[in-house]
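Following: one structure in structure tokens, then a few remarks.
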Amino acid sequence: MMILFWIALVLLIVSLAALVWVAFRHMAQVRVVNIHTDDKAQHARVKEDIILERVTRTFAPARFFLRVLPRVVTFLRRVGRRTVQELRTLEKHYAHVRERAQAPLRRSGEAVKRAMEEAAALVHDEQYAEAEKKYIEVISLRPRHVAAYEFLGRLYTKMGNLDQAVETLAFALQLAPNDASVHVSLGEVYGKKEEWARALAEFERAVAKRPGNPRYLDLYIESALIAKRPEEAARGIALLRKTNKENQKLGEFDARLAALQGTM
């Protein structure tokens with residue numbers, strides 16, 4: 001019996017030593033890949049987050065636990081990234097995308113254009129789940145396709161998934177920080193969340209890049225008035241008057257600005 005005990009003890013020690021050696025061997029590799037600075041890892045993380053968010057929205061019990069237990073979200077996402085089989089399960093309805101990834105049509109960009117058009121048509125028909133798949137298909141093919149992220153963010157806004165919309169649009173701005181359209185899309189999400197200071201900041205950035213765009217100016221002025229920021233509202237009105245002095249909203253904006261100034 002003692003011999004068996006010592007054999008078992010030796011095997012246990014050897015097994016533990018092997019585990020420590022494997023962990024030490026791979027520790028340097030883990031340190032090298034920083035998801036906040038490594039471009040490919042960051043794209044993969046956003047894509048996986050979008051997929052995981054979609055899967056968790058599909059099942060009501062999962063939605064409850066993920067809403068109540070943020071640590072569960074972190075755990076599941078970590079497992080989802082590290083376990084190939086789980087990630088494949090989550091992505092299996094995108095398998096056809098990977099199979100066609102090497103096709104000449106894919107390399108030409110024609111398929112990306114077609115997928116974007118199909119997604120737009122699906123959004124128009126209010127087939128939001130199918131449109132979401134199309135936008136993720138584009139992202140799978142072109143991880144830096146800013147318009148796909150922007151339209152996906154707008155889609156999440158239509159679906160009422162405002163936090164997911166903010167995350168997606170914020171990532172689009174990391175890829176294209178000077179894109180006025182993305183700033184406006186993000187500002188509109190903040191407006192729906194009634195976070196008017198943040199909405200105003202995004203519209204202001206858009207107006208700085210496109211000062212002659214009447215829609216951007218309209219949103220900028222509206223958010224400034226709601227946020228009770230008369231100086232910004234007055235600046236926006238002046239720009240709108242300079243752009244189009246016949247704009248029918250000028251009278252309304254002037255009256256609302258005067259009323260706001262009278263209360264301060």
Side-chain angles (χ1 to χ4, degrees), residues 33 35-58 77 80-81 84 86-190 192 202 206 209-210 215:
V33 180
I35 62 173
H36 297 294
T37 57
D38 186 86
D39 194 48
K40 290 183 179 178
Q42 193 175 34
H43 291 318
R45 179 187 178 187
V46 170
K47 175 185 169 186
E48 291 161 12
D49 282 349
I50 290 170
I51 294 168
L52 285 161
E53 179 70 20
R54 185 177 190 280
V55 171
T56 56
R57 285 204 314 271
T58 304
R77 287 181 173 174
R81 293 190 187 98
V84 175
E86 291 190 18
L87 185 55
R88 284 179 179 170
T89 300
L90 293 175
E91 292 189 290
K92 67 180 181 180
H93 60 288
Y94 303 119
H96 66 285
V97 175
R98 290 192 295 272
E99 291 171 2
R100 294 182 292 172
Q102 302 301 320
L105 186 61
R106 293 293 172 187
R107 291 197 296 269
S108 70
E110 183 63 30
V112 169
K113 179 182 176 182
R114 186 172 60 204
M116 290 292 288
E117 292 172 350
E118 290 173 355
L122 289 166
V123 171
H124 181 268
D125 294 338
E126 298 185 358
Q127 297 184 40
Y128 296 151
E130 294 304 313
E132 182 186 27
K133 290 179 184 178
K134 284 294 177 183
Y135 286 131
I136 293 176
E137 178 181 335
V138 174
I139 291 169
S140 299
L141 296 167
R142 297 285 178 85
R144 298 183 68 86
H145 199 293
V146 176
Y149 286 106
E150 182 182 4
F151 293 148
L152 182 60
R154 291 181 185 176
L155 177 62
Y156 286 141
T157 304
K158 288 179 180 291
M159 296 168 72
N161 302 325
L162 301 184
D163 291 337
Q164 186 71 3
V166 168
E167 181 182 351
T168 306
L169 292 167
F171 187 76
L173 284 175
Q174 290 182 35
L175 299 176
N178 295 318
D179 194 312
S181 178
V182 180
H183 280 294
V184 167
S185 295
L186 182 55
E188 289 178 313
V189 180
Y190 284 134
K192 285 189 174 293
E202 296 301 329
K209 294 168 176 58
R210 300 278 183 84
R215 178 171 177 269

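Keep in mind the model is a prediction, meaning the values are calculated, not measured.
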Quick note, salt bridge (charged side-chain N to carboxylate O under 4.0 Å, His left out) partners involving residues 180-190, not counting sequence neighbours, are Glu188-Arg215
Extract all donor-acceptor atom pairs below 3.5 Å that involve side chains of residues 115-126 and protein atoms in other chains or at least two apart in sequence.
{"residue": "Glu118", "atom": "OE1", "partner": "Lys134", "partner atom": "NZ", "Å": "2.7"}

| Has Lys209 got more than 12 heavy atoms of other residues, nucleotides or ligands less than 6.0 Å from its NZ? | yes
In short, Thr157 meets Ala165 closest at the heavy-atom pair OG1-CB, 3.5 Å
Taken to the nearest 0.5 Å, the spacing of Phe151 CZ from Lys158 NZ works out to 11.5 Å
Inset, instruction - Step by step, work out the side chain to side chain contact (heavy atoms under 4.5 Å, CB included) result for Leu169 and Glu202. - result: CA-CA 11 Å; Leu169 292 167; Glu202 296 301 329; over 6 Å; no
Those residues at least two apart in sequence (or on a different chain) that pass side-chain contact (heavy atoms from CB on, under 4.5 Å) with Ala206 are Ala180, His183, Val184, Tyr216
inquiry  = Within the 4.5 Å heavy-atom criterion, are Leu152 and Glu132 side-chain neighbours or not?
reply    = yes
query = Would a distance-only check, ignoring hydrogens and angles, find a side-chain to backbone donor-acceptor pair under 3.5 Å from Tyr149 to Pro143?
reply = yes
Ser181 meets the side chain to side chain donor-acceptor pair (under 3.5 Å) criterion, sequence neighbours left out, with Glu150, Arg154
dist Ile139:CD1 -> Thr168:OG1 (nearest 0.5 Å) comes out at 7.5 Å
**Message:** Are the side chains of Val166 and Tyr156 in contact, using a 4.5 Å heavy-atom criterion?
**Reply:** no
Smallest heavy-atom separation, Leu155 atom then Tyr128 atom, equals CD1-CD2, 3.5 Å
